[in-house]
Amino acid sequence: MTISFKGLARGVACAALVLAALPAAAKEFRLGLITPPPHTWTKAAEAFGAELSEKSGGAHSVSVFPARQLGNEAQMLQQLQTGALDMAFMTVAEVSNRVPNMGAFYAPYLAKDINHASAILRSDTARGMLAVLPQEAGVVGVGYGSAGMRQILSRGAVNSAADLSGLKLRITPFDPILDFYNALGAAPTPMPLPAVYDALANGQVDAIDMDVELINVLKYHEHADTLLISNHMMFPMVGLISARVYAGLSDADKAMISELMAKHVDSTLDVYMAKEPEWTDALTKVGKTFKRVDQDFFGDAIAQWETIWADKAPSLPELRKTAADLQ
């Protein structure tokens with residue numbers, strides 16, 4: 001049997017039209033987090049996956065890997081850069097290790113409380129800071145969430161900032177918070193979340209920098225005596241897509257995935273605004289010394305931090321202005 005050139009050409013053209021009419025190839029995306037399954041971020045990631053599956057008619061799905069199953073944040077960021085990992089909900093802290101300007105979000109007392117922090121993170125100024133991430137970090141940032149405000153939980157009494165001097169104080173490992181606690185004379189000690197409970201119990205650390213959600217959920221207060229409600233820093237999260245993976249998506253999928261991820265990342269802000277007062281109130285009932293302190297408590301450590309970060313984070317003045325305008 002012979003096939004004419006014209007017949008073959010018509011067949012190829014028809015096949016091309018059929019393929020063009022088909023939806024983009026279905027994909028199961030992998031999304032990594034460091035937070036445990038009960039955490040607000042993990043729940044938001046699962047809700048994002050469920051809605052993406054629904055809105056894509058089952059063409060796309062998301063497998064969520066909480067609790068560092070895919071590595072710590074530094075390792076997951078590397079995987080995002082290579083395209084080995086599709087997505088992550090990640091602390092802005094880790095991103096600031098690659099893009100120092102993002103450290104501006106950790107300016108002490110930039111935000112007065114969780115409601116103010118949420119308004120800052122929803123501002124055009126904050127969103128504009130995401131624009132450089134594809135070039136500088138190999139990721140696409142779709143929007144911000146939060147882990148609430150930072151507090152200090154200590155095994156011993158803390159009556160002044162001087163009492164923090166020399167204490168081994170657990171932190172998330174990133175430069176802005178290192179500089180803050182170094183300015184206070186503490187001994188900041190990086191440590192992953194799964195190790196914190198035992199470290200407090202056996203005295204490996206004397207205190208921790210933590211949000212009230214995890215102090216409650218993971219019961220860190222069981223091995224501490226003093227809780228300082230200081231609200232000294234916000235602790236934002238960012239929804240990330242691998243720039244390599246993003247580049248391979250259709251325009252329709254880029255829009256759908258970015259919109260849905262941004263929606264569910266942003267939903268964490270509403271959760272913390274609603275729940276942080278409840279979590280804080282619960283901690284007043286656990287029989288610990290409970291103190292509220294403000295920026296005066298930390299003395300000149302805040303000014304020292306500002307001096308260090310003035311050049312590292314060029315967006316800091318604009319972010320400070322935005323924060324002031326939103327009060």
Q: Just grab all the side-chain hydrogen bond (donor to acceptor under 3.5 Å, both in side chains) pairs involving residues 68-80, residues at least two apart or on different chains.
A: Glu73-Thr91
Q. So, does Lys291 use its side chain to make a donor-acceptor pair with the main chain of Val158 at under 3.5 Å?
A. yes
Q: Run the numbers on Leu240 and Val95 for side chain to side chain contact (heavy atoms under 4.5 Å, CB included), then give the verdict.
A: CA-CA 10 Å; Leu240 300 175; Val95 180; 4.1 Å; yes
**Q.** Ion pair check, Arg320 and Glu306, cut-off under 4.0 Å
**A.** yes
Q.
Give me the atom names and distance for the closest heavy-atom approach of Pro192 to Val196.
A. O-CG2, 3.5 Å
Q. Hey, what do you get for CG (Leu260) to CG (Leu52), rounding to the nearest 0.5 Å?
A. 6.0 Å
**Q.** Mutual orientation of the aromatic rings belonging to His232 and Tyr181 [parallel < 30°, tilted 30-60°, perpendicular > 60°]
**A.** perpendicular
Q | Main-chain N/O of Leu80 paired with Ser242 side-chain donor or acceptor, under 3.5 Å | A | yes
**Q.** Salt bridge Asp209-Arg170, side-chain N to carboxylate O under 4.0 Å
**A.** no
Q: Flag the pair His39 / Leu214 as yes when at least one side-chain heavy-atom distance between them is below 4.5 Å, and no otherwise.
A: yes
(Q) Quick check: closest heavy atoms across Asp211 and Ala147, and the distance to 0.1 Å? (A) CB-O, 3.1 Å
Q. How far apart are the closest heavy atoms of Met234 and Phe105, and which atoms are they?
A. CG-O, 3.2 Å
Q) Ion pair present between Lys27 and Asp253, side-chain N to carboxylate O less than 4.0 angstrom? A) no
Q. Is there a donor-acceptor pair closer than 3.5 Å between any side-chain N or O of Thr284 and the backbone N or O of Asp281?
A. yes
Q.
Nearest 0.5 angstrom please: Phe29 CZ to Ser63 OG, how far?
A. 11.0 Å
**Q.** Minimum side-chain heavy-atom gap Phe89-Met261 below 4.5 Å
**A.** yes
Q. Heavy-atom distance under 4.5 Å between the side chains of Leu283 and Leu153, does that happen here?
A. no
**Q.** Note, Tyr220 side chain near Leu193 side chain (heavy atom, < 4.5 Å)
**A.** yes
Q. For Met256, does its backbone N or O pair with a side-chain atom of Lys55 as donor and acceptor, under 3.5 Å?
A. no
**Q.** Close side-chain approach of Val205 to Leu200, heavy-atom, < 4.5 Å
**A.** yes
(Q) Would you say that Ser230 contacts Phe298 through its side chain, given a criterion of any heavy-atom pair below 4.5 Å between the two side chains? (A) yes
Q. Given Arg98 and Gln81, is the side chain to side chain contact (heavy atoms under 4.5 Å, CB included) satisfied, shown in steps?
A. CA-CA 12 Å; Arg98 310 296 180 94; Gln81 290 169 328; 3.2 Å; yes
Q) Do Val92 and Tyr144 have side chains that get closer than 4.5 Å, going by heavy atoms? A) yes
Q. Going through the checks in order, is the side chain to side chain contact (heavy atoms under 4.5 Å, CB included) test met by Phe180 and Ile171?
A. CA-CA 11 Å; Phe180 178 70; Ile171 63 163; over 6 Å; no
**Q.** Backbone N/O of Asn159 and side chain of Asp163: donor-acceptor pair under 3.5 Å
**A.** yes
Q. Under 3.5 Å, is there a donor-acceptor pair between the side chain of Asp206 and the main chain of Leu169?
A. no
Q. Between Arg127 and Arg122, is there a donor-acceptor pair closer than 3.5 Å when you use the side chain of the first and the backbone of the second?
A. yes
Q. If you measure from the Lys or Arg side-chain nitrogens to the Asp or Glu carboxylate oxygens, is any gap between Lys43 and Glu46 under 4.0 Å?
A. no
(Q) Checking Thr40 against Thr268: is there a side-chain donor and acceptor pair closer than 3.5 Å? (A) no
Q: Using atom types as modelled and distance alone, determine if a side-chain donor or acceptor of Thr125 lies under 3.5 Å from a backbone N or O of Leu319.
A: no
Q: Please work out whether the ring planes of Phe48 and His264 are parallel, tilted or perpendicular, with thresholds of 30° and 60°.
A: tilted
(Q) Please determine whether salt bridge (Lys or Arg N to Asp or Glu O under 4.0 Å) holds for the pair Lys321 and Glu318, giving the CA-CA distance in whole Å, both sets of side-chain angles, and the decisive distance to 0.1 Å. (A) CA-CA 5 Å; Lys321 181 181 183 305; Glu318 184 181 5; over 6 Å; no
Q.
Is a donor from one side chain sitting under 3.5 angstrom from an acceptor on the other, for Gln151 and Asn231?
A. yes
Q. To the nearest 0.5 Å, what is the distance between CD1 (Ile229) and CG (Asp294)?
A. 13.5 Å
Q: List the steps and the verdict of side chain to side chain contact (heavy atoms under 4.5 Å, CB included) for Gln204 and Met191.
A: CA-CA 10 Å; Gln204 185 181 347; Met191 182 176 292; 3.7 Å; yes
Q. Say you draw a straight line from CD1 of Ile114 to OG of Ser146; how long is it, rounded to the nearest 0.5 Å?
A. 4.0 Å
Q) Which pair of non-hydrogen atoms, one from Gly103 and one from Ser96, has the smallest distance, and what is that distance? A) N-CB, 3.7 Å
Q. Can you list every side-chain hydrogen bond (donor to acceptor under 3.5 Å, both in side chains) pair that touches residues 100-121, not counting sequence neighbours?
A. Asn101-Ser315
Q: For residues Thr226 and Gly156, report the shortest heavy-atom separation together with the two atoms involved.
A: OG1-O, 2.9 Å
(Q) Is it the case that the side chain of Ser154 and the backbone of Ile152 share a donor-acceptor pair, with hydrogens and angles ignored and the cut-off at 3.5 Å? (A) no
Q | Atom pair CG/CG of Leu77 and Leu85 - distance to nearest 0.5 Å | A | 9.5 Å
Q.
If we ignore hydrogens and angles and just use 3.5 Å, is the side chain of Asn216 paired with the main-chain N or O of Val212 as donor and acceptor?
A. yes
Q. For the atom pair CG (Asp179) and CG (Leu184), what is the distance rounded to the nearest 0.5 Å?
A. 11.5 Å
Q) Closest approach of Pro314 and Pro317, non-hydrogen atoms and distance? A) O-CD, 3.4 Å
Q) Mind checking whether Ile241 and Ile257 have side chains closer than 4.5 Å, heavy atoms only? A) yes
Q.
Using 30° and 60° as the class boundaries, would you call the ring planes of Trp305 and Trp309 parallel, tilted or perpendicular?
A. parallel
